[in-house]
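All remarks here apply to the structure that follows.
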Amino acid sequence: MTQDSIKIFCPATIANISCGFDVLGLALSAVGDEMVIKKVPIPGLRITKIIGLDLPKEVENNVAGVAGLAFMEASTYKGGFEIEIYKKIKAGSGIGSSAASAAGAVWGMNALLDAPFSKRELVQFAMAGEKLASGVAHADNVAPAIYGGFTLVRSTDPLDIIPIHAPKELYASIIHPHIEIKTSDSRKILKTSISLADGIKQWGNVGALVAGLFQEDYDLIGRSLVDHIVEPIRSILIPGFDEVKQEALNAGALGCGISGSGPSIFALSKGLATATRVTQAMSNVFVKMDLSYDPYVSEINTKGIQIIS
Ligand code: HSE
């Protein structure tokens, strides 16, 4: 690449997608961060600017920083990088704030070096950021941020990522109530074992959801957006969750659940008009509760991180 500096869009992501805890994710178009990545002669990695959130600039304490360090350790590049982060995705919102920064850093550095690493390798580096953020190197947000569309993380060791077809008419509604839930906290409340009966229901839904996406079978997608394991536990942390979900389904959503570790709630719908109606119906619940929120309607972002300039 002849450019020494690029500005990129780093999409927000919905992890889990109801039945696929830690394995399924999708990328959004309507919300994301921006980052400027610069190639500089002085060796090392520096975060020079963070706008929008109060986050540490020391690379060892920053998710973009640790992901970038993992990249540089594996790279033969002898120069340095500078990173500016413009956060639009709020921390602890459940739509992949840390993933956008970690994935954006390594994607941008790779682009400036003419892509020596594969997408899979970039996900591996970005997982170092997720480990810092939540204590667990899960890949279900960073994989869709880097690959775009829907992804399935079949395994993290060795890392095996399967891109999944995104049906053309599928749209996401997201509603982010203004409370913060740390992923590390919402993981601590989960049980470490599940019953065989719940396992059977859950993997039935994961397989069916993947088939529904490839076949563009919207009814099957809707039937499969069910979480028997995590949602019953985590939903108690989200005010109004049951009512928001019911209103989304009443308004015509195919399915509705917790986005990532919450508190954002997502719904998937067929067609933009339905998704817009669903977002409105979900919003009305928080208006009634006097809880402030951000609503989003988004197509599925099939490209992932992209250069803006
Ligand atoms: N799969 C992770 C979790 C995603 O639900 O804890 C966090 O965004």
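By convention here, the first residue in the shown sequence is residue 1. Excluded from the calculations below are hydrogen atoms, water molecules and symmetry mates; all remaining heavy atoms, backbone and side chain alike, are included. For ligands, and for the atoms within them, numbers begin at 1 and follow the listed sequence.
Between the side chains of Ser269 and Thr274, no donor N or O sits under 3.5 Å from an acceptor N or O.
The two residues Ile221 and Pro167 make their nearest non-hydrogen contact at CD1-CG, 4.0 Å.
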What short N/O contacts, under 3.5 Å, does ligand 1 make with the protein, listed by atom pair and distance?
residue, atom, partner, partner atom, Å
ligand 1, 1 (N), Asn16, OD1, 2.9
ligand 1, 1 (N), Asp22, OD1, 2.5
ligand 1, 1 (N), Asp140, OD1, 3.4
ligand 1, 1 (N), Asp140, OD2, 2.6
ligand 1, 5 (O), Asn16, ND2, 2.8
ligand 1, 5 (O), Arg234, NH1, 2.8
ligand 1, 5 (O), Arg234, NH2, 3.4
ligand 1, 6 (O), Arg187, NH1, 2.7
ligand 1, 6 (O), Arg234, NH2, 2.9
ligand 1, 8 (O), Asn141, OD1, 3.0

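Val63 shares a hydrophobic cluster with Val66, Leu132; the chain of contacts runs through ILVMFWY side chains whose heavy atoms sit under 4.5 Å apart. Its side chain within the 4.5 Å cluster rule, Ile51 clusters with Val36, Tyr86 among the Ile, Leu, Val, Met, Phe, Trp and Tyr residues.
Atom CG of Asp33 and atom CD1 of Ile89 lie 4.0 Å apart (nearest 0.5 Å).
Legend: ring-ring contact (aromatic ring centres under 6.0 Å, His included) pairs involving residues 168-209, not counting sequence neighbours, sorted by first then second residue: His176-His178.
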